Amino acid sequence: MPEIVHKQIINAPQEICFDLARNVEVHTKTTSHTNERAVGGVTEGLLEEGDTVTWEATHFCIRQRLTAKIVSMERPNQFKDTMVKGAFHSFNHTHDFLKVPEGTLMIDTFDYKSPFGILGILADKLFLERYMKRFIITRSMELKKIAENDR
């Protein structure tokens, strides 16, 4: 099961970074390269523990839907979401926010399991893990820009 960990220093307060990361409209802005939008569940505002959101996006030229649930939240330090329906066999995404002298250290930990058994493992090795890492890094960098420009 691949695990992707990405760390990003953001020159903004922890509470702002935390709220931006769980804001549906900000998520849409930070994933514009896949035309992602919320189409079910919570479709605007801040996600809270227990909320679900269904995202529609284009990945690999295929329009897909994925429903995630916020399974835990400790404001402003951490929240976790997990896939309840979608293309993956499973995934868990932990968002950590730590105060540091420069502002906030945001840590994304994304672990997933691809569908289709051995074919999924092969897809991970050939392209999917690299694609998902780029997706997470791009979103993180866009969130950083928004947080630092709002200051």
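Numbering of residues begins at 1 and proceeds along the displayed sequence. Since the model is a prediction, treat every value here as computed from it, not as a measurement.
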Verify the cluster assignment for Trp55 and Val42: are they in a single hydrophobic cluster under the rule of side-chain heavy atoms below 4.5 Å apart? yes

Within the structure provided, determine whether Lys80 and Ile70 are in side-chain contact (heavy-atom separation under 4.5 Å). no

Salt bridge (Lys or Arg N to Asp or Glu O under 4.0 Å) involving Arg134 - partner list, sequence neighbours excluded: none

Hydrophobic cluster membership, Met132 vs Leu122, 4.5 Å side-chain cutoff: yes

Rounded to the nearest 0.5 Å, what's the gap from CG on Leu66 to CE on Met83? Could you check? 6.0 Å

Does His33 have more than 12 heavy atoms from other residues, nucleotides or ligands lying within 6.0 Å of its NE2? yes

Give a yes or no on whether a salt bridge exists between Arg63 and Glu56, defined as a side-chain N under 4.0 angstrom from a carboxylate O. yes

Just to verify, what does Arg75 make a salt bridge (Lys or Arg N to Asp or Glu O under 4.0 Å) with, not counting sequence neighbours? Asp19

Would you tell me whether Thr94 and Thr109 have side-chain atoms, one donor and one acceptor, within less than 3.5 Å of each other? no

Is Val53 linked to Val26 within one hydrophobic cluster, defined over Ile, Leu, Val, Met, Phe, Trp and Tyr using a side-chain heavy-atom separation of less than 4.5 Å? yes

Modelled atom types, side-chain donor and acceptor of His95 and Gln78, under 3.5 Å: no

Under a 3.5 Å cutoff, is there a donor and acceptor pairing between the side chains of Ser114 and Asp124? yes

Per side-chain hydrogen bond (donor to acceptor under 3.5 Å, both in side chains), Thr30 is matched among Lys144, Arg139, Glu142, Glu36 by Arg139

Tell me whether Leu20 shares a hydrophobic cluster with Val24, the cluster being built from Ile, Leu, Val, Met, Phe, Trp, Tyr side chains joined at under 4.5 Å. yes

Does the separation of the ring centres of Phe110 and Phe135 fall below 6.0 angstrom? no

Using 0.5 Å steps for rounding, measure from the CD1 atom of Ile10 to the CE atom of Met106. 4.0 Å

Does the side chain of His93 reach to within under 4.5 Å of the side chain of Asp81, using non-hydrogen atoms? yes

Whether Phe88 and Phe91 hold their rings parallel, tilted or perpendicular, with breakpoints at 30° and 60°: perpendicular

Scan side-chain atoms only and decide if Tyr112 and Asn92 contain a donor-acceptor pair under the 3.5 Å cut-off. no

For Glu3, does the CD atom sit with more than 12 other heavy atoms under 6.0 Å from it, leaving out its own atoms? yes

Under 4.5 Å between side-chain heavy atoms, counting indirect links through other Ile/Leu/Val/Met/Phe/Trp/Tyr residues: same cluster for Ile136 and Phe60 or not? yes

Residues at least two apart in sequence or cross-chain that pass salt bridge (Lys or Arg N to Asp or Glu O under 4.0 Å) with Glu74, listed by chain then number, are none

